[in-house]
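First up is the structure itself, then whatever we jot down about it.
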Amino acid sequence: MRVTFGACEFDSLRHELRVHGRPVPLSPRAFQLLALLLDRRPEVIAKGELLEQLWPGTFVSDASLHNLVAEVRAAIGDTPQASTLIRTVPRCGYGFIGEVQEPTAGAQPTSSRAHLRPQLISKRREWSLSEGANVIGRDPDCAVMIDVPNVSRRHACIVVTGTEATIEDLGSKNGTYLNGRRVRETTRLADGCQMRIGPVVVIYRHSSALPSTMTQRQR
């Protein structure tokens, strides 16, 4: 699912939420909640169903759901006092009421503007890559600084040349892996390929496609 609403762009396939073109982090359950509300808009989903979907087989209180809704609202710029996106039905549940747009067939999301520059994307954050060498490691001077145990100070290097990029391991202790295979020599990267830097999994994105017009979905 790929939709826009207000200043937000939501892409469930890429597990991405952007606001004003910038990535906004959401916890996995908060992201799942937003996806559920968008997918079934403008239906009000009962609290019991949401609890079962988000915490299957686990007993949690309504307060956990309330906190999750608050996290989503904070991320998308909505408030319970003057809500224009998420509707609260007391003692019942929640529904998405904002005006939503979907891309026409074959259209690229608006957020693809951000991918005119190559990026590395992990579950927690994104890094934009510059033309030339981009060293990955724990050293604060690295272009892609990953302060995680088992990542070497200078672990690997991605070299960007125009629309192409290559990766090279810099003699790291725990290795660099590309699509499940250890990198032992300079290797070309393809858009969407998966890398593992020590224990950290990242996706390489580099798309030069321009965005197409978004059209409003009729319901």
Side-chain angles (χ1 to χ4, degrees), residues 1-35 38 71-72 74-77 103 107-170 172 176-180 183 187-211 214:
M1 174 173 52
R2 216 168 56 218
V3 298
T4 65
F5 52 93
C8 305
E9 304 169 29
F10 180 87
D11 190 330
S12 60
L13 182 62
R14 296 181 53 217
H15 203 89
E16 181 178 74
L17 171 67
R18 288 178 174 269
V19 180
H20 295 294
R22 300 180 64 85
V24 175
L26 275 178
S27 67
R29 280 199 178 96
F31 191 92
Q32 184 183 357
L33 171 61
L34 180 55
L38 285 168
E71 180 184 348
V72 172
I76 63 178
Q108 295 289 328
T110 306
S111 60
S112 62
R113 291 191 186 100
H115 296 303
L116 294 174
R117 292 184 61 186
Q119 294 180 310
L120 289 185
I121 304 172
S122 74
K123 289 183 177 180
R124 295 184 177 272
R125 62 162 297 177
E126 299 181 1
W127 298 268
S128 292
L129 303 177
S130 303
E131 185 79 8
N134 297 264
V135 177
I136 306 169
R138 286 191 296 110
D139 194 305
D141 291 333
C142 288
V144 179
M145 201 274 278
I146 304 178
D147 190 12
V148 173
N150 298 325
V151 171
S152 300
R153 292 184 65 83
R154 293 174 62 84
H155 195 105
C157 182
I158 292 177
V159 177
V160 177
T161 307
T163 59
E164 297 185 353
T166 59
I167 187 167
E168 175 186 5
D169 185 78
L170 298 179
S172 65
T176 301
Y177 293 81
L178 176 62
N179 294 328
V183 175
T187 307
R188 185 175 177 179
L189 297 177
D191 185 34
C193 66
Q194 183 184 89
M195 289 172 281
R196 182 160 61 83
I197 311 298
V200 179
V201 175
V202 296
I203 304 295
Y204 172 76
R205 298 309 304 258
H206 192 169
S207 172
S208 59
L210 292 175
M214 308 290 283

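In what follows, residues are counted from 1 in the order of the sequence shown.
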Indicate yes or no: at least one non-hydrogen side-chain atom of [X] is less than 4.5 angstrom from one of [Y].
X	Y	result
Phe5	Ile76	yes
Arg2	Phe10	no
Leu120	Ile136	yes
Leu38	Val3	yes
Val160	Ile158	yes

Contact summary for [X] and [Y], nearest pair of heavy atoms:
X	Y	answer
Ala165	Tyr204	CB-OH, 3.3 Å
Arg18	Pro23	NH1-CD, 3.5 Å
Ala30	Val72	O-CG2, 3.4 Å
Val135	Cys142	O-CB, 3.4 Å
Ala75	Val19	O-CG2, 3.5 Å

Calculate, to the nearest 0.5 Å, the distance between atoms [atom1] and [atom2] belonging to [X] and [Y] respectively.
X	Y	atom1	atom2	value
Gln119	Trp127	CD	CH2	11.0 Å
Leu129	Asn134	CG	CG	4.5 Å
Ser27	Gln32	OG	CD	10.0 Å
Cys193	Arg205	SG	CZ	10.0 Å
Ile197	Thr176	CD1	OG1	4.5 Å
Ile167	Cys157	CD1	SG	8.5 Å

Test side chain to side chain contact (heavy atoms under 4.5 Å, CB included) applied to Leu170 and His155, step by step: CA-CA 5 Å; Leu170 298 179; His155 195 105; over 6 Å; no
Using modelled atom types and a 3.5 Å cut-off, is there a donor and acceptor pairing between side-chain atoms of [X] and backbone atoms of [Y]?
X	Y	value
Arg188	Thr166	no
Arg14	Glu16	no
Asn179	Gln194	yes
Ser122	Arg125	yes
Glu131	Gly162	yes

If you apply the rule side chain to side chain contact (heavy atoms under 4.5 Å, CB included), what do you find for Glu71 with Leu26, and how did you get there? CA-CA 8 Å; Glu71 180 184 348; Leu26 275 178; 3.9 Å; yes
Any pair with a residue in residues 143-156 that passes salt bridge (charged side-chain N to carboxylate O under 4.0 Å, His left out), sequence neighbours left out, goes on the list, sorted by first then second residue, please.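 Pairs touching residues 143-156 that pass the test: Asp139-Arg153.
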Residues which pass ring pair (Phe, Tyr, Trp, His ring centres under 6.0 Å) with Tyr177, listed by chain and number, not counting sequence neighbours: none
